[in-house]
Amino acid sequence: QVQLVESGGGSVQAGGSLRLSCAASGLTFSSYAMGWFRQASGKEREFVAGINWSGGSASYADSMKGRFTISRDNAKNTVWLQMNSLKPEDTAEYYCVAYANTYVSGLAIAWGQGTQVTVSS
């Protein structure tokens, strides 16, 4: 079955950086778009960033543009989320997602278990 395993979360001060990783198995990684979502305590899960199958096209939520960068390496079955200039409001559980298509769409085929990011002021 498809497995997505996130890592790289932790605690950081405002203005700092973290790099999240998501290792995928059980699927032909290069055939699927990938993405990141997050869910803060008491809030709904929200889209963070997505990347198409080749890595040639990426999209971001408005509040993350210019601060976060999504990338992937199909040879390593891994997608990353580089987060810079972190703010306390970025504190959340971050989830990796595999989409059902080669492009970022509304349908996911798998979710990771999440990794916690805590940003202190």
Side-chain angles (χ1 to χ4, degrees):
Q1 70 277 20
V2 179
Q3 282 195 315
L4 304 176
V5 180
E6 302 100 332
S7 61
S11 297
V12 64
Q13 289 191 328
S17 298
L18 282 174
R19 190 191 196 202
L20 306 183
S21 299
C22 173
S25 61
L27 77 170
T28 305
F29 185 72
S30 60
S31 295
Y32 298 95
M34 299 294 294
W36 292 91
F37 280 71
R38 71 184 186 185
Q39 186 168 19
S41 180
K43 296 187 177 181
E44 294 188 353
R45 190 172 294 189
E46 64 174 345
F47 173 77
V48 174
I51 190 166
N52 76 334
W53 69 277
S54 68
S57 177
S59 55
Y60 301 89
D62 286 344
S63 61
M64 289 74 164
K65 287 180 181 177
R67 299 190 301 124
F68 292 7
T69 303
I70 188 171
S71 60
R72 67 187 293 163
D73 186 335
N74 288 343
K76 296 181 178 180
N77 285 12
T78 301
V79 60
W80 295 277
L81 183 68
Q82 177 67 44
M83 306 185 294
N84 299 327
S85 302
L86 283 162
K87 306 174 182 180
E89 51 263 43
D90 293 318
T91 295
E93 189 83 6
Y94 284 71
Y95 298 90
C96 178
V97 61
Y99 288 99
N101 298 290
T102 57
Y103 53 92
V104 176
S105 65
L107 185 62
I109 61 169
W111 292 85
Q113 82 287 351
T115 186
Q116 178 67 36
V117 171
T118 302
V119 184
S120 58
S121 57

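Please read all numbers here as calculations on a predicted model, not as lab measurements.
- Atom CG in Asn77 sits 10.0 Å away from atom SG in Cys22 (nearest 0.5 Å).
- Environment of OH in Tyr60: crowded, with over 12 heavy atoms of neighbouring residues, nucleotides or ligands closer than 6.0 Å.
- Under a hydrophobic-cluster definition in which Ile, Leu, Val, Met, Phe, Trp and Tyr are linked whenever side-chain heavy atoms come within less than 4.5 Å, directly or via other members, Val97 and Met34 are assigned to different clusters.
- Once rounded to the nearest 0.5 Å, the distance linking OH of Tyr99 with CG of Asn52 reads 12.0 Å.
- In this structure a side-chain-to-backbone donor-acceptor pair under 3.5 Å is missing from Gln82 to Thr69.
- Atom CG of Leu86 sits about 5.0 Å away from atom CZ of Phe68, to the nearest 0.5 Å.
- Closest heavy-atom contact between Pro88 and Ala14: CD-CB, 4.1 Å.
- Contact between Ala98 and Leu27 at its shortest, heavy atoms only, is CB-CD1, 4.2 Å.
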Determine, stepwise, if the pair Asp90 / Lys87 fulfils salt bridge (Lys or Arg N to Asp or Glu O under 4.0 Å).
CA-CA 5 Å; Asp90 293 318; Lys87 306 174 182 180; over 6 Å; no
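- Criterion: ILVMFWY side-chain heavy atoms under 4.5 Å apart, direct or through other members. Under it, Met83 and Phe47 are not part of a common hydrophobic cluster.
- Across Val117 and Gly9, no two heavy atoms sit closer than the pair CG2-CA, 4.2 Å.
- The CD atom of Gln116 sits 10.5 Å away from atom CD of Gln39, with the distance rounded to the nearest 0.5 Å.
- Phe29 and Val79 make their closest contact through CZ-N, 4.1 Å (heavy atoms, listed as atom of the first residue, atom of the second, distance).
- Separation of atoms CZ (Arg38) and OG1 (Thr91) is listed at 9.0 Å; rounding is to 0.5 Å.
- In the hydrophobic clustering of this structure, Trp80 does not group with Val48; members are Ile, Leu, Val, Met, Phe, Trp, Tyr whose side-chain heavy atoms approach within less than 4.5 Å, directly or through other members.
- Distance CZ/Arg45 to OH/Tyr95: 5.0 Å, rounded to 0.5 Å.
- Taking all atoms of both residues into account, the shortest heavy-atom contact from Ala58 to Ile70 is CB-CG2, 3.7 Å.
- Residues Leu20 and Glu6 fail the side-chain proximity criterion, which asks for heavy atoms closer than 4.5 Å.
- Trp53 belongs to no hydrophobic cluster, as no Ile, Leu, Val, Met, Phe, Trp or Tyr side chain comes under 4.5 Å of its own.
- When the side chains of ILVMFWY residues are joined at heavy-atom separations under 4.5 Å, either directly or via intervening members, Leu4 and Trp111 end up in two distinct hydrophobic clusters.
- Put simply, Met64 and Leu18 are part of the same group of oily side chains (I, L, V, M, F, W, Y) that touch within less than 4.5 Å, one to the next.
- Heavy-atom minimum distance, Leu81 versus Ala49: CD1-CB, 4.2 Å.
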